Every structure is written in C-alpha cells, then in structure tokens.
Number of protein chains: 2
Amino acid sequence: MTDDASGTNVLFDLWLASRAATSVLDEALRPAGLTADEFAVYSVLVAAPLTPGELASWMAAPPTTVSSYVRRFEARGHVRRLPHPDDGRSYRVELTREGRRAHQRAGALFLPVLRDVEARLGRSTGAVRGALARTRTALDVVRPGGA
Amino acid sequence: MTDDASGTNVLFDLWLASRAATSVLDEALRPAGLTADEFAVYSVLVAAPLTPGELASWMAAPPTTVSSYVRRFEARGHVRRLPHPDDGRSYRVELTREGRRAHQRAGALFLPVLRDVEARLGRSTGAVRGALARTRTALDVVRPGGA
DNA sequence: TCTAGATACTACGAGATCGCATTACTTGGA
DNA sequence: TCCAAGTAATGCGATCTCGTAGTATCTAGA
C-alpha cells in the first residue's frame with residue numbers, strides 16, 4: 001500500500017489534489033479579490049481572533065509569512081490588531097466589518113465549487129474529510145510544532 | 001456532511017493537510033537542496049520526459065511558473081531540453097543524470113517521512129489515496145483543463 | 001529586584017510565483 | 001500554396017514567500 005505501480009504515494013496524491021484545489025479556487029475567487037490561501041486565512045479568523053503565532057501553527061506557515069499576511073490584510077482594511085491582554089509582545093488579529101464582508105463575497109464564489117466537489121464525492125465526503133484529518137495529524141506528529 | 005460544527009469543509013481540510021505536508025517536507029528535504037514542490041516535479045519527470053504544457057496540467061500550475069521551473073532546473077544542470085519531434089514550438093523536459101541523482105538524494109530524506117505517515121495511517125492509507133484521487137478528479141471536472 | 005535566556009514578532013532582502021503581452025510555430029481552410 | 005486563427009512557450013514586472021538577523025517583552029532563578 002506504499003507505492004503503487006505508478007510510483008506515486010499518499011503524499012504525492014495529496015500534493016496533486018491540493019494544487020488542483022488551489023488552482024480552481026484562485027480562479028473562482030479572483031473576482032472577490034482574494035486568493036484561495038487568503039480566503040482560508042479569513043475563514044479561520046472569522047471564527048475568532050488569533051495571534052500571529054497561533055495562525056502560523058494553524059496553517060503551518062513560517063512566522064514571517066504570517067507577518068506579511070497581517071500587514072497586507074491590514075492595509076486592505078480587512079484586519080485590525082487588538083492588544084494582547086497578557087503578552088505585550090503579541091496581539092490578536094481580528095477581521096474588521098469590511099474584512100468580514102470580503103470574506104462573505106468570496107464565500108459566495110467558493111460555495112458553488114465546494115458543493116460541486118461534494119456532490120461528486122457523494123456520500124464519501126465524510127470519509128475523505130476523515131482521511132485528510134488523519135493525514136494532517138500524522139504529519140503534525142512527524143514534525144512537532146503543529147496545532 | 002457539508003460543513004461540520006467547526007464551520008470547516010473538505011476543501012479546507014485539504015488545504016490544512018497539504019500545508020502541513022509541504023511544511024514538513026520542505027524542512028526534511030532542505031539538506032538535499034530541493035523543496036517539496038521541486039521534489040514532486042522531479043518525481044514526475046523521473047518517470048518520463050514531459051513537455052512544459054503537460055507538466056503544467058499535471059501540477060495545475062500556470063505555464064509561466066513551469067517556465068521558471070525549467071529555467072531554474074536547467075541552470076542547476078538537473079534538466080535538459082529535448083527537441084519535440086512533432087512540434088517546433090515545444091520541447092520535452094528530461095532529467096539529467098545529475099538531476100536523477102539529486103532526486104535520489106532527496107528521496108532518501110523523503111522516504112522516512114512517507115513511511116512514518118503511512119504507518120500512522122495504517123491500513124487506511126489506501127482509502128486515503130482513493131479519497132485524494134477522487135477529490136482531484138472532482139476538481140478537474142469543475143475546472144476543465146486538468147490532466 | 002535583577003538578569004540571563006527564552007519567546008513573539010518584524011525589517012529586510014533574495015528568490016519564487018504568475019498575469020499580461022509577445023514571439024514562434026502549427027493547422028485548417030480557401 | 002497562403003494565410004488567419006489557434007496553440008506553446010517565454011520576457012518582463014508586480015507581488016508574494018520566507019530565511020536571517022534583530023528588537024521587544026516575558027519568565028525563572030538567584
């Protein structure tokens with residue numbers, strides 16, 4: 001179950017699927033002015049404000065990348081920095097009303113794609129999600145520092 | 001099965017898993033001088049020479065990105081351009097001996113990670129791969145132009 | 001209380017990604 | 001045989017990613 005005849009493997013499959021998703025979503029979301037990655041970050045933030053560090057471990061990105069994101073989103077007026085109550089070195093990143101609106105606009109373009117993919121996956125959607133969650137967990141264990 | 005209580009979905013899960021994988025592999029492969037993306041491309045090419053266009057649709061990347069890849073890999077001496085027999089506008093990208101060696105060195109660093117992930121996925125590895133393949137297919141259908 | 005070491009973030013810069021516009025070749029039709 | 005339209009790849013440039021090095025703050029121990 002390791003490598004099949006085609007010489008591929010789980011991680012390669014993951015790479016292909018993810019590239020396909022990013023490519024489709026980048027294009028679908030373009031009219032809303034967000035990339036697939038940005039939309040994902042907005043989606044995390046819409047649930048609750050997070051510190052840059054938390055965001056970094058969530059999305060498995062280096063701190064400097066998150067820093068750039070915050071700067072960019074703030075320049076767009078989509079995000080605001082709230083002082084951190086217990087730690088003066090940090091802060092919390094919160095979506096502004098404008099940011100939430102942008103997320104919603106993008107969401108309207110995202111949903112049809114999601115629905116289409118879900119429809120094609122059919123009742124196996126849940127299984128796929130479970131598989132992805134397990135894969136992520138496996139990877140987080142391999143490299144400490146994950147969520 | 002669409003969105004669970006956490007407000008996430010299959011595509012979001014895919015994004016998280018893929019980011020985790022890239023992050024782990026970028027670090028693991030660094031001593032070999034390849035990124036996770038580059039390793040994946042080398043892996044495709046090690047099987048057979050491809051045209052830039054074929055490569056682009058395989059990895060769902062824009063042609064200009066593939067162009068940059070080829071230029072970079074060629075500068076490293078890892079890749080060579082073979083004239084295309086039937087089409088003077090194109091060519092085929094082939095891994096050189098040196099490129100194959102680099103791929104092998106990276107492969108030695110990649111394998112332990114893969115084995116670890118597979119071990120943690122256990123007998124569900126095959127199911128996960130199937131799920132990923134179906135997801136990719138679904139996405140390719142959503143946006144024509146896939147493999 | 002003071003300080004050494006750890007931790008959170010960022011300035012900066014090198015290099016990567018990818019859209020737009022262009023060049024080069026191929027192909028189908030007159 | 002020509003040519004108009006279509007297709008493959010690339011030059012260029014704007015923007016993004018992220019490693020290195022550095023600043024600000026926190027924490028534990030003496």
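Numbered from 1 within each chain, the chains take letters A, B, ... in sequence-line order. Just so it is clear, the model here is predicted, and its values are computed rather than measured.
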For B:P63, which contact category applies under a 4.0 Å heavy-atom criterion: base, sugar-phosphate, or nothing?
base
Problem set entry | ILVMFWY network linking B:L82 to B:Y91, side-chain heavy atoms under 4.5 angstrom | no
Heavy-atom contacts, protein to nucleotides 11-16 of chain C, under 4.0 Å, summarised as B (base), S (sugar-phosphate only) or - (none) per nt, yield B----S
In terms of heavy-atom contacts, B:L14 and A:A17 come closest through CD2-O, 3.7 Å
Stems for DNA chain C (at least 3 consecutive Watson-Crick or G-U pairs, under 3.5 Å) come to C:1-30 with D:1-30
* To do: Mind checking A:T35 for me? I need base, sugar-phosphate or nothing, with any heavy atom below 4.0 Å counting as a touch.
  => nothing
Scanning both residues in full, the closest heavy-atom pair of A:S43 with A:V46 reads O-CG1, 3.2 Å
Worksheet item: Going through the distances and angles, do A:V79 and A:E94 end up as a side-chain contact (heavy atoms from CB on, under 4.5 Å)?
Response: CA-CA 5 Å; A:V79 128; A:E94 185 190 51; over 6 Å; no
Scan side-chain atoms only and decide if A:T35 and A:R30 contain a donor-acceptor pair under the 3.5 Å cut-off.
no
Those residues at least two apart in sequence (or on a different chain) that pass side-chain hydrogen bond (donor to acceptor under 3.5 Å, both in side chains) with B:E38 are B:R72, B:R76
Of B:R136, B:R134, B:R129, the one forming a salt bridge (Lys or Arg N to Asp or Glu O under 4.0 Å) with A:D13 is B:R129
| query | More than 12 foreign heavy atoms under 6.0 Å from CD of B:E98: is that the case here? | reply | yes
The correct set of residues in residues 80-92 of chain A placing a heavy atom under 4.0 Å from DNA chain D is A:D87, A:G88, A:R89
*Is the shortest distance from a Lys or Arg side-chain nitrogen in A:R71 or A:E74 to a carboxylate oxygen in the other one below 4.0 Å?*
no
Walking DNA chain C from its 5' end, the first of A:E54 and B:P62 to be reached, judged by nearest nucleotide, is A:E54
Chain A reaches DNA chain D, atoms under 4.0 Å from its heavy atoms, from D:dC16 to D:dC26
The reported gap from CG in A:D87 to OG in A:S90 (rounded to nearest 0.5 angstrom) is 5.5 Å
Exercise. With distance as the sole test, does B:T22 use its side chain to make a donor-acceptor pair with the main-chain N or O of B:R19 at under 3.5 Å?
Worked result: no
For B:F73, the ring-ring contact (aromatic ring centres under 6.0 Å, His included) test, sequence neighbours excluded, returns B:Y42, B:Y69
Note: B:A106 and B:F39 closest approach over all heavy atoms is CB-CD1, 3.6 Å
